[in-house]
Structure formats: structure tokens, C-alpha cells
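Notes to accompany the following structure.
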Amino acid sequence: MVRGETQQDPLNAFITLAEIPPRAPGRLSGITVAVKDNISTRGVETTCGSRILSGYVPPYDAHVVDLIRNEGALIPGKTNMDEFGMGSSTENSGFGPARNPRDPERVTGGSSGGSAAAVASGMARMALGTDTGGSIRCPAAFCGIVGLKPTYGRISRYGLVAYANSLEQIGPMALSVADCSLLMEVISRFDARDATMQDRPYLPRLDGDIRGMRIGVPAEFFGEGVDPAVADRVRKAISVLEGLGAAIVECAMPSMEYALAAYYVTCTSEASSNLARFDGVRYGPASDYKKPWHEAFQEVRMQHFGPEVRRRILIGTFALSAGYYGKYYGKAQVAREHVREDYSRLFQEVDLLAGPTMPTVAWKIGEKSDPLSMYLADILTVPANLAGVPAASVPCGTVQGLPVGLQLTGRAFEDELVMNAAYAYEQGVKA
Ligand code: GLN
């Protein structure tokens, strides 16, 4: 087992290097698929990027791991991530930050930063990530690869360690849209063990024909905080889609004003509950059982959770507490409903929405020191999670040598359409 920057893994893309062999030949034979470290792998340590889970070895495989191994995939290891998925840069990993293959002084984005770095550097052909508020799309954009956050309920979360379960999905990451689509196809098989899953497998349709497709461009996607050079790149990409026959429709998404706040109240509330199980009894370093239970739990959690995780547990516990519940959690759910309504209204007029994935390019490691500035980076990715709709990031050129992502968002269960538009763009710029 290897950890940190090593000769084998100079970008610190992996927390654990381990060759997990395929179980049967199939559509992924001969293909390496790196797996994010919050997805359970039987017999192989699964840390979620947290010291509190170091040494934890799951007794079973996640459903998606079963599926890829049964299709011939070789898993080269478990990828680095922000602790429990909490972050947008992979700097919050308990095992050191991952480095961006395009510029090792810069972040990979997060929280699936190790997965993106592994694919972008060629250490793996494909990867699985998870996306609660942008964690697949952000690192895909920053590292110049393709990533899809599937429709909520399309991929089984069985074996995924929960951070904010009403928001998150496992999804594919790869260099090309076709590879990303293939991995999506393999992992979308029904599993009754996730009660939120629907039996609607992804059936790829990559013909690149987007003639007549209506693509909405909400003004808010180019609002305050979006780097003008990034905005310019993305507008050029949208005009490529127009050149391919899509109709571009300027529109508005007023609920964007509340989306980030609604997201952070919801995800911290869910996290405070989901992470209550890490108390040194069943998982993680053992508590001192001689002490009163609350002291023992407090000690283990203080010592082994990182600062961002502790901050979020505190915020979430506060937001859910009697007397504040209505003011914070309740209001966040109202705002979430507004986001859903905005999408439903827009999707009556257009088939897709387009805009930048991230407001900026990858920043330097250590550059963002206050948590709020990191949260603000998620403004363009969280709305899709609040509404459960599918969204992909596809590379659309560079700004000062650093990759920019074009985000395409579609109606629920129209992941196929999203990927086809991404494919049209990818092939369109190649031609
Ligand atoms: N950056 C967001 C957060 O910190 C999203 C992370 C994710 O999608 N897991 O919550």
C-alpha cells in the first residue's frame, strides 16, 4: 500500500494503489477504472479521504464495483478526495492534496480530484467519482476531462459512504464522451438495495445529431464571480453547438440567487446525521471505553475528523436544532423547490441548458484559505444536485493553458441527450 506523492503516483491521485482484478470478461475488458475512495471495495481499504476511516476494510463491494468487475474492468486503486466529499479542490483530503496534471502547483478540483487526475494523467482510462454538489464536474473541468453527474436515482448508491444522500450520485469520468458514456451504461443497472433507484438503465445514443435541439443559456450562469475569460471560452463553445444546428435561447434562472445557500444548509444538515456513525465504536480508531461515552466520542471525532468536516457537522447540527430548523433547514427546502420549479419551467421551452461548469480555472494549491470562497466556487454546479437533474462537463479549450469545462444540463432521465450534445460538441471541435 502506497500513500502520498511517490514515484508511482507523483500527483497523489490515489490513496491506495491496489490491483483489484476483474471477475469476468466483458465490455470493460482491458480497461482500467479507478474508483473514488468513498465507494466500498471488498477487502481493500476505503477511507473516504478521512483519517477516521484509515484501516477500514469493507466486507462487500458497492453495486457499481460489482458491475464494473463483472464487465472486465481492472481497478488500479482508490482515488484521493476531499474528506467525505467535502470540498472543491481535494485539498481537504486527510492524505494530502492531489495535484493537477496540467500544472502540479494547482488543484485538481474536487472532491473527486484523484479520479480526475488519474484519468487526465493516463494512470487509469476511466474513473468513478461521486457528485453531491459538483464533485465530478468540477475536477473534470479543472483537469480537462469529461464527467457526468447522472440523474438522481439512476445509479445505485449501495456501498457508497453517504455524505448528503438526497443530493449525491455516483458517476463516470473519462477522457472522451464515448468512454464516459460506456462506463455510464455499465453502472446504470438496477439494484433493489438502493430504495431511491429507478429501473431506467442508460441507453447511449451518441450520433452527434443536435439539429433542432433547443439550448437555453441562463444569464445567471454568466453572473458575478465568473471569470470573463472563462465566460468568453464557454460562449464560443455554445456558438459551436449553434453551428451544429442547435437553437440557442437566452433565458433566466432567478432561483440561482438562493441555490448555493440552500445547498450548503441541506448538505451540512444531512452530513451531521450521516457522519454520526463515526464514533470510534464500529468504525475508525477505537474510543477510550473507560471514559464517559460522550467524552470518548468527542475525543475520537476531534482527533480524526479534519477541520472542514468538523465545521460542517457543527453547521448542520445547528441548522437542524429545535428552534432553528424552520429558519434554516425548512427555508432551504423551500429554496430547493424554487430551483426545481425553475428547471421544470425552463425545460418546457428548451431541451438543455448550457454554461460554464466552474466560474474560474483551477487555482493554486493553498490559494483559497477561507471556506466561503471555496463554497462560492460551487455556484454553477449545485443547482443540478438540488433538482436531481443530469449534468455533464465537457472540455472546451483553455484559458492561460488551463482547462475550461462546458456544462450541459438536461431533464431528469435524459442523461442520453446530455451526453449526445457533449459528443456533438467534442466531435464538432475535432472536425
Ligand atoms: N464542493 C461541494 C461540497 O463541498 C460539492 C462536493 C461534492 O459534490 N461531493 O459540498
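Every value quoted in this text rests on a predicted model; they were computed, and no experiment measured them. Both ligands and their constituent atoms are indexed starting at 1 by order of listing.
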Legend entry - ligand 1-proximal atoms of S135, by part, heavy-atom distance under 4.0 Å: both
Inset, instruction - Before accepting this row, confirm whether a basic side-chain N of the pair R154/D415 lies closer than 4.0 Å to the acidic partner's carboxylate O. - result: yes
Inset, instruction - Report yes or no: does a heavy atom of R312 sit under 4.0 Å from some atom of ligand 1? - result: yes
Inset, instruction - Heavy-atom contacts with G133 under 4.0 Å: which atoms of ligand 1 show up? List them by number with element. - result: 5 (C), 7 (C), 8 (O)
Legend entry - Centroid-centroid distance, F84 to F278, less than 6.0 Å: yes
Legend entry - Y375 to ligand 1, any heavy atom closer than 4.0 Å: no
Inset, instruction - Examine C267 against ligand 1 and note whether any of their N/O atoms are separated by less than 3.5 Å. - result: no
Inset, instruction - Please name the residue in the list R137, K149, R157 that meets the salt bridge (Lys or Arg N to Asp or Glu O under 4.0 Å) test with D131. - result: R137
Inset, instruction - Enumerate the atoms of ligand 1 whose separation from the nearest heavy atom of D131 is less than 4.0 angstrom. - result: 8 (O)
Inset, instruction - Could you tell me whether M86 and ligand 1 have an N or O pair separated by under 3.5 Å? - result: no
Inset, instruction - Please write down residue, atom name and distance for the protein heavy atom closest to atom 5 (C) of ligand 1. - result: Y263 OH, 3.3 Å
Inset, instruction - Between D378 and ligand 1, find which residue part has any heavy-atom pair under 4.0 Å and reply side chain, backbone, both or neither. - result: side chain
Inset, instruction - Report yes if T130 has an N/O atom closer than 3.5 Å to an N/O atom of ligand 1; otherwise report no. - result: no
Legend entry - Cation-aromatic face contact R235/F222, 6.0 Å, 45 degrees: yes
Legend entry - Numbering as shown, the atoms of ligand 1 that approach G85 to under 4.0 Å (heavy-atom distance): 4 (O), 6 (C), 7 (C), 9 (N)
Inset, instruction - Validate the cation-pi geometry between R42 and Y60: distance from NZ or CZ to the six-membered ring centre under 6.0 Å, angle to the ring axis within 45°. - result: no
Inset, instruction - State whether E5 and R99 are salt-bridged, where the test is any N-O pair (Lys NZ or Arg NE/NH1/NH2 against Asp/Glu carboxylate O) under 4.0 Å. - result: yes
Inset, instruction - Is it possible for you to check whether R200 lies under 6.0 Å from the centre of the six-membered ring of F413, through NZ or CZ, and within 45° of that ring's axis? - result: yes
Legend entry - Nearest atoms (heavy-atom pairs only) where L148 meets C180: N-SG, 4.1 Å
Inset, instruction - Run the numbers for me: atoms of ligand 1, each under 4.0 Å from some heavy atom of Y264, listed by number. - result: 1 (N), 2 (C), 3 (C), 4 (O), 10 (O)
